[in-house]
Q: 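Following this message is one structure expressed as structure tokens.
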Amino acid sequence: MSQINRLTQGGRIDRSKTLNFSFNGTSYTGFPGDTLASALLANGVDIVNRSFKYSRPRGIVAAGAEEPNAVVQLGSTEAAQVPNVRATQQALYQGLTAASTNGWPNVQNDVMGLLGKLGGKMMPPGFYYKTFMTPASMWMTYEKLIRKAAGLGRSPRENDPDIYDHMHRHCDVLVIGAGPAGLAAALAAGRSGARVIICDEQEEMGGSLLDSRDLINGQDPALWAAAAVAELLAMDEVLVLPRTTANGYHDHNFVTLHERRTEHLADTAPQINGQPQARARMHHIRAGQVILATGAHDRPVVYANNDVPGNMLASAVSTYIRRYGVVPGNKLVLTTSNDYGYRAALDWHEAGREVVAIVDARAKPDGDLVKAAREKGIRIITGSAVFEGKGSKRVSGARVARIDLDNFKLAGSVEDLVCDTIASSGGYSPVVHLAAHTGARPVWSDEAIGFLPGKVKGMTPVGSARAVYSLSAVLADAVEAGASAAAACGFESGGIELPQVQSATEGPACALFQVPHEKPTMRAPKQFVDQQNDVSAAAIELATREGFESIEHVKRYTAMGFGTDQGKLGNINGMAIAARCLGQTIPQTGTTVFRPNYTPITFGAIAGRHCRDLFDPERYTALHSWHLKRGAKFEDVGQWKRPWYFPIGNESMHDAVARECLAVREKVGILDASTLGKIDIQGKDAREFLGRIYTNKWEKLGVGKARYGLMCKDDGMVMDDGVTTCLAEDHFLMTTTTGGAAGILEWLELWHQTEWPELEVYFNTVTDHWATMTITGPRARDLLSEVTDIDLDKDNFKFMECREGQVAGVPARVYRISFTGELTYEINVQANYAMRVWEALFQHEAKYGLTPYGTETMHVLRAEKGFIIVGQDTDGSVTPEDLGMQWCVGYDKPFSWIGHRALTRPDTKRDDRKQLVGLKPVDPKVVLQEGAQIVRDPNQTIPMKMVGHVTSSYYSPVLNSGFALALVMGGHKRMGEKVYLPMADGKTHEAEIVSPIFFDPKGARQNV
Amino acid sequence: MQRYSGFGLAKHALTHHENWQRMWRNPTPKKQYDAIIVGGGGHGLATAYYLAKEHGMTNIAVIEKGWLGGGNTARNTTIVRSNYLWDEAAHLYEHAMKLWEGLSQDLNYNVMFSQRGVLNLGHTLQDMRDIQRRVNANRLNGIDGEVLDAKQVSEIVPMLDCSANTRYPVLGASWQPRAGVARHDAVAWGFARGADSLGVDLLQQTEVTGMRIEDGQIIGVETNRGFIGSTRVGCVAAGNSSVLAKMAGIKLPLESHPLQALVSEPIKPILDTVVMSNHVHGYISQSDKGDLVIGAGIDGYNGYGQRGSYPTVEHTLQAIVEMFPVFSRVRMNRQWGGIVDTCPDACPILSATKVKGLFFNCGWGTGGFKATPGSGNVFAWTLAKGYAHPLAAPFSIDRFHTGQLIDEHGAAGVAH
Amino acid sequence: MLHIYCPYCGEHREESEFRPKGQAHIIRPKDPVNTSDEEWGDYLFFRENPRGIHHEMWVHAVGCRKFFNVTRDTVSYEILEVYKMGEQPTVTAATQQKGGQK
Amino acid sequence: MSKVAIIDQCAGSDVRAESPMHHVKVPSVAANPGVVLEQKPFLGHMTLRGNSADDAFCAAIQQVLGVALPLQPSALVHDASGENSIQWISPDEWLIVVPGGREFEVETALHQAYSGHFAIVTVSGGQTLLTLSGPNALDVLHKSTVYDVHPRNFPVGKGITSNFAKATAIIRRPSEDVWELIVRRSFADYCYRWLVDASREYGVSVKV
Ligand SMILES: Cc1cc2nc3c(=O)[nH]c(=O)nc-3n(C[C@H](O)[C@H](O)[C@H](O)COP(=O)(O)OP(=O)(O)OC[C@H]3O[C@@H](n4cnc5c(N)ncnc54)[C@H](O)[C@@H]3O)c2cc1C
Ligand SMILES: NC(=O)c1ccc[n+]([C@@H]2O[C@H](COP(=O)([O-])OP(=O)(O)OC[C@H]3O[C@@H](n4cnc5c(N)ncnc54)[C@H](O)[C@@H]3O)[C@@H](O)[C@H]2O)c1
Ligand SMILES: Cc1cc2nc3c(=O)[nH]c(=O)nc-3n(C[C@H](O)[C@H](O)[C@H](O)COP(=O)(O)O)c2cc1C
Ligand SMILES: [Zn+2]
């Protein structure tokens, strides 16, 4: 079978090359310029899919984005599978492989179709709400069966080999759609020098001009379109984006465009210069003005069996004939409500095939096209409509009768016509979708018999998107809009001479949505409204009967417009039918909400390059490459990669951490602490500011001294902590938690800028500038003395002091602060020198047993000392007093610091608050689970009264025992009491409440 | 009420479905009701249903400015679970869970409550601590749950990338087998039909525009269809609660923010459970129709537009592709937004107010769908008796003045 | 996707450079200790949450790092005015209503 | 005693320093690179804060750096040598870039020239400067930042802070064909990988 429906000439395809493709395993040929749909029609393929609910055979209906049926699975390999591709928008390429998404064993003969026929009656809308309820336990089984029928195409099961990307662009005027309206508007705007972007979703720009009967300047209007595109391409400030769909229109004129860069070439993107290129690209456009030139969709007429293959949109018939050189049948019956639909019959006739009749709902049609049809001798049946199609796998006839629309009934005898194709046009629906995305409801126009775009600031609809249809008016409208849009952005347009247009004049159309049937709607053969979701006129009638009176209810009860086409063909008809059933007007009924996407967009394209290695930044310290070389395992802390522990050989984490811990307690360890937030604070009021923002006191901290501070929110809950050092009278260096760094800087700015602008103080981040290396352990001083000129004498450089000097020949600030309880020096150098200093210290590795350690060891060591980690031992509901840190609260500070007032709120005064304590498992071998819940009485029944939970828990090699920190109700007064931790495995651990300081409670070791 | 069953369906098929009755009436408002519920979402309708069913109050009305179930009930990702951290919240949500388990039968309306299990993934050590803490608490509160490691997770969801070379590898998850999803519209319709059949007037297209208060006592509401009297009014208006409160001269600790969701095109079943990740920030399940239902993030600014910002959706899909790289070629069909009423502690408000007879049920924020039957049930009790149901008592507005918050923020998995 | 004019940078910038910071003009009580629990709770948690004109604070986080105020319609998302910290709005619900009556 | 602590943090040229990109893999150079990416490591970067309404402050800057403090938002000015620049960051914040090693001298001189409320902080270790040029440089910027980098909106002499992929960068245009990016040290690896990835389709040449 080879392209039986292909005309020998005409159309915009390239007959000099042949493309091979396969559909459902059969090989076919087509031509460059074809879509998959035109190629299938050329080859006489009728059934392209089975419907979702009733498994009815379905064929191609439309020629563009509005197609509901021809939804196929594409892809020649597993990884290249693409579900739910609309054949009408898929360019044909060599080797294209596609298949129907539904139908078993195949789309021609579908067993489910039989079920659909038999069971269809049992499946009115919402049938599942009314059944499958007994027995209750069976629902999950029923659901499994229901799910078997779900879905159209399938997801690939291998990872996508392709990449996608984004471009952010700004322009003065964005023109969406490149039909005559879009092109003319873009020309008018472009010639003014404004920055213009014009996009069109089709393979070729020109829109309706590519299959038009009109003439521009006496020629095929496609020539005018080509010239317009060429002129636009030549303009410096104009960006022309073919194959690009405006898929979402967001606030303040932000529009997302989806550019298909390679989908017309293959199912995986070919490379350029040996490099992968993006399969698709999203353009994020911020436009000064938007011109909506998206055209109008032909509206099918709703009649019985209107879903059988061979039922098509009149406009699609024209498009296939004129643009693709394909006549999708032999004998045509056209049912229409308007002159424009006549094009289908004329084109059909001119293609040399039989037009059985034109059935016109109007009593006296008389436009130019009507006359042309009459002149050609085509039979025209007026005041009538096709009310039922015949045939099961392909149309075999049409039943026609006079109709009385006012009373919604047939008004005369029935005539059966023999045909294989029924084309219908019920009028045009302007493409208002994008305008609706920002919340503007479409507005009904009686004159246009359709909804027009609602008002959006900075947006102008032009051409058929606002129901201006005659080509000369479209062009005039667009030129005016393009020039005004440019002017609104400050660009004067020189004005454009309008081309000469020759087009047919049209008579008025009439409103035709659902055609009445001999039988009432509920009893007539199915009259489909939404073909993809198998929603029929009867379903809508039933919904309204059951009380679903809002069109939104109708949508949700019947699934009308829920499909991948979002009801582009069906919605307006559905609304009209609902209006009829409810005895309302269409504007009273209204539309449902159009939302992005205009047409579906792959997740990959929306994600862009922010995936895999680039999903989220990985932040590295200056020493990262050393850690890697040393075999560190990393922990994610915020976006940072921090060494977690440094295993040697096959060492387990437990062993590595125990070794690292002992090294610190016995010799000396080193930690890369560069990720700590660091904020340089300067100004004469810096000290006052610290006093307001921290819970504790700062007025007496001397130069060169450091102090630990807690920060609360004004609700009194701890939010961050860290050590702040007084570098000079008006100069402090604050440290924050790793995760808190950015937030705390903003927090300081917030209070400064909004509440206390009178304080003279500046905050600047120096987190990345200073690398911080913590050496800690009894031999820290000896080690450091090898590489520094700073006087490390214990009386000259005391605990909680800071010194400046050289370390390994590098200027450094060294702080004697300790998070381990051991003698500690934190060496800070400009980060470019970090590696040099670190390596200098490691020259003495063997001599002192210097051991690198990671966050896990840091946690064990600090927990042994009872030092908290904000975010681990606190959770946003813990006050400084709950932590037992009264020593860190300036109760009598003159300024009521942030969090102060909360001390006296009723809830913070409660004495049964959860308080931080230590927990000693009775069995020292037990390491309690972090997150384990604590009870007083292990023998209660469930639900048990829980009194707290474990926040931190480790094995301590120095204690040779497990130990933990926990928040326990009233814990501070319960030292020595026993508590219980009932675990998931059925065991219950017993532990004693103890002080959270497990090691060196006097703090002697850090003071040596 | 016409009872629904498979047999009934067959019977109606014989008469071409021409004899189905309305699911609810479209009554004209009475002058006076014993109680008025403002807001015909799932919570409001459930409140009315239980008021009528369990407290015998049938001279009541639900006043809805749009269509029933058209607010957040129509736009949520339908995740139902009860594994909340704090006792107060856990008990309330578990109360709801128990009602869910018999809801279809109780309402004689299949709400398609599908207990397919919910996974909350952990990607950092702190995530895992939080998960342990929550699951331990759940267990001792009698709520099902387990902590799984990455391998067990990957057995449940083979399509999920559980390998070590992702940016934030999956370390484990909490797993609540009884959790799942439900058909959101059916929940509203089922409660509506149930309430209507007990005599409740469901007044749609009726907007409350003012509150009439005399001597500190509510005496009725002004609407676009005139004044409707009642000395007991419960406001269950989600994102619009602050607007109603203002009519009564009350301020609430709420902010209304856009929260978005999106669906893919329908694809053949590939994901049979619910996967949530707070850390990479994406939530996903697959509906019985085949679309992937995906919860996006909340926008930081106030908004009543039922739409949010594009980058939010972008970030969500990046997270989904990170978790499920095989979905890269699946396409997003539709995105939308709801207006969620967020509370500072991520817990609801079920409370009397300083206006006598005026009660609020709000603040459910990003996660109230799961509570629908429970919320309605305890709120009905509260409205009927005039004081808080024990499960509702901790959720009074007073907590924002005493400081006794129930901070579910700290607990991983607050959203949805 | 909002397009926000930063009064300090003097130009419109994309929403992703900014962070919303909630209601504007919230002033911390001057004497917290003598503020009642009720007043303190109001200051911490209770917010205007209007459907319509809203004065809110934003920070140009990825930019000049300055806080400023925005008057925005929470339904249409239209930005009606932008003004610096310490300044008062000229467009308010009251002035808008008057404007409507004209 | 000085009220702020200033130290010369520069160790001298004989001490080995490592730039934030010392470790990156450089792709093989494409034949006709559409994008040329280069790091200019070890420059002197300083954050300046102060009150531009104070003439004495402005005069002090002019005196020390030989360039007037830019008061127009987003202005970027260079001195005659082209080696020293000041960029407006915020109404009270500027970024000063000078040859590496000059920071201490500038800080000290400024403190001598002006004693009012201001701050100058060296951040040379915390950030690095990249240049982006070549016929497709603008395309790469379009992929990377939400800011409008069109030459009409971004003339020579402008510099702004904006989103850069999922990080933040200062983007500036010192001359017609060259763009400068200043990124934070900890994000440098990410930004670099992003840039190379974004440039690949155009062919890229890298020098770090
Ligand atoms: C995108 C999204 C995803 C979510 N995902 C989940 C999830 O997975 N799981 C979960 O548990 N929760 C989820 N939620 C939250 C959940 O949707 C809500 O908490 C819940 O549906 C609230 O129900 P409701 O009945 O209180 O509110 P709604 O359904 O919003 O009902 C309130 C009703 O009040 C009406 N109303 C308002 N003002 C007036 C007035 N003046 N007069 C008359 N009527 C009025 C409204 O029209 C509306 O119908 C999600 C929410 C969103 C937006
Ligand atoms: N007389 C009638 O009844 C009638 C009816 C319909 C159309 N027409 C004719 O159609 C023409 C109307 O011109 P027009 O320019 O307004 O419409 P058009 O149909 O020629 O062009 C619209 C273009 O917009 C594109 N488009 C739509 N949505 C898009 C999106 N979201 N993103 C990107 N591209 C999108 C389409 O692909 C199409 O190319 C005139 O020639 C007119 O005579 C006449
Ligand atoms: C769980 C769930 C599944 C949905 N599935 C679909 C779907 O398959 N197709 C569709 O078009 N919309 C789907 N929607 C979205 C609705 O069409 C609609 O956008 C949503 O209810 C919000 O209403 P609105 O967009 O009319 O404001 C779904 C919504 C929910 C909550
Ligand atoms: Zn700014």
Side-chain angles (χ1 to χ4, degrees), chain A residues 82-84 121-122 124 127-133 136 143 146-147 150-157 159-160 250 439 522-523 542 546-547 550 552-553 556 564 595-596 600-604 606-607 610-611 615-616 636 875-877 905-908 929-933 942-944 946 949, chain B residues 4-6 9 13 16-18 20 22-24 67 70 104-105 109-110 114 124 126 129 132-133 136-137 139-142 167-168 185-186 265-270 288-290 305 307 310 314 317-318 320-322 325-336 402-404 407 409-410:
Chain A
V82 203
N84 305 346
K121 284 227 164 279
M122 287 283 287
F127 71 96
Y128 28 77
Y129 307 133
K130 296 174 176 161
T131 179
F132 304 126
M133 283 176 286
E143 193 189 27
I146 293 175
R147 277 173 90 76
L152 296 171
R154 67 179 184 86
S155 163
R157 286 175 178 262
N159 290 358
D160 192 342
H250 303 263
M522 299 300 285
R523 293 171 183 251
L542 175 64
E546 291 194 82
S550 159
E552 296 288 2
H553 272 159
R556 285 163 178 81
T564 65
R595 297 271 192 184
I601 307 291
T602 61
F603 290 4
I606 294 168
H610 302 277
C611 54
F615 172 63
D616 202 33
D636 286 309
D875 63 2
S877 67
R905 301 183 78 201
D907 191 61
T908 28
Q929 189 183 62
E930 288 174 345
Q933 293 287 340
I942 282 182
M944 289 193 177
M946 290 167 260
H949 71 282
Chain B
Y4 291 156
S5 65
L9 205 57
H16 306 274
H17 301 288
E18 281 171 338
W20 287 105
R22 298 181 65 98
M23 287 193 191
W24 47 79
W67 36 285
S104 294
Q105 289 69 31
Y109 204 92
N110 190 349
S114 170
T124 66
Q126 188 57 39
R129 283 181 203 109
Q132 290 286 10
R133 177 183 177 194
N136 280 319
R139 183 168 42 80
L140 300 186
N141 269 325
R167 175 66 182 87
Y168 296 108
D185 292 323
E265 296 182 330
I267 52 173
K268 299 274 185 279
I270 187 164
D288 287 347
K289 226 175 119 268
R307 64 184 188 281
Y310 179 71
E314 211 173 69
L317 284 175
Q318 285 159 8
I320 297 299
V321 172
E322 175 72 1
V326 296
F327 292 163
S328 167
R329 285 175 174 233
V330 174
R331 288 185 286 195
M332 162 175 146
N333 194 12
R334 185 175 172 103
Q335 74 179 86
W336 64 91
T402 63
Q404 196 162 11
D407 201 343
H409 281 305

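Each chain gets a letter, A, B and so on, in the order the sequences are listed, and its residues count up from 1. Since the model is a prediction, treat every value here as computed from it, not as a measurement. We use all heavy atoms of the structure for the numbers below, so side chains are in, but hydrogens, waters and symmetry mates are not.
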Q: Got a donor-acceptor contact below 3.5 angstrom from the A:K130 side chain to the B:Y4 backbone?
A: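 No, the answer is negative, given that no donor and acceptor are paired below the 3.5 Å cut-off.
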Q: Please confirm whether the backbone N or O of A:M133 pairs with a side-chain atom of B:Q105, one donor and one acceptor, at under 3.5 Å?
A: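 Yes, B:Q105 side chain to A:M133 backbone: donor-acceptor pair under 3.5 Å.
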Q: Parallel, tilted or perpendicular, judged at 30° and 60°: which one describes the rings of B:F327 and A:F603?
A: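 The rings of B:F327 and A:F603 stand perpendicular, inter-plane angle above 60°.
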Q: Within the 4.5 Å heavy-atom criterion, are B:E322 and A:D616 side-chain neighbours or not?
A: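 No, too far: nothing below the 4.5 Å cut-off.
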Q: Is there a donor-acceptor contact under 3.5 Å from the side chain of B:R331 to the main chain of A:V82?
A: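 Checked: no pair found.
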Q: Is there a donor-acceptor pair closer than 3.5 Å between any side-chain N or O of A:N84 and the backbone N or O of B:I267?
A: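 Answer holds: no.
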Q: Does A:E143 reach the side chain of B:D288, with side-chain heavy atoms less than 4.5 Å apart?
A: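 Side-chain contact under 4.5 Å: yes.
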Q: Hey, does the side chain of B:H17 reach the backbone of A:K121 with a donor-acceptor pair shorter than 3.5 angstrom?
A: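 Here the side-chain-to-backbone pair exists.
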Q: Is the backbone N or O of A:A607 less than 3.5 Å from a side-chain atom of B:E314, with the two atoms forming a donor-acceptor pair by type?
A: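 Side chain of B:E314 to backbone of A:A607, a donor-acceptor pair under 3.5 Å: no, none is there.
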Q: Given 3.5 Å as the limit, does a donor-acceptor pair link the side chain of B:N110 with the main chain of A:T131, or not?
A: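 Yes; at least one donor-acceptor contact below 3.5 Å.
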Q: Applying the ring pair (Phe, Tyr, Trp, His ring centres under 6.0 Å) criterion to B:Y109, which one of A:Y128, A:Y129, A:F132 satisfies it?
A: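 Checked A:Y128, A:Y129, A:F132 against B:Y109; only one passes ring pair (Phe, Tyr, Trp, His ring centres under 6.0 Å): A:Y129.
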Q: Is there a donor-acceptor pair closer than 3.5 Å between any side-chain N or O of A:N159 and the backbone N or O of B:P325?
A: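 Side chain of A:N159 to backbone of B:P325: no pair is present.
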Q: Which atoms of B:Q126 are under 4.5 Å from chain A, going by heavy atoms: the side chain, the backbone, both sets, or neither?
A: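 For B:Q126, the contact with chain A is made by the side chain alone.
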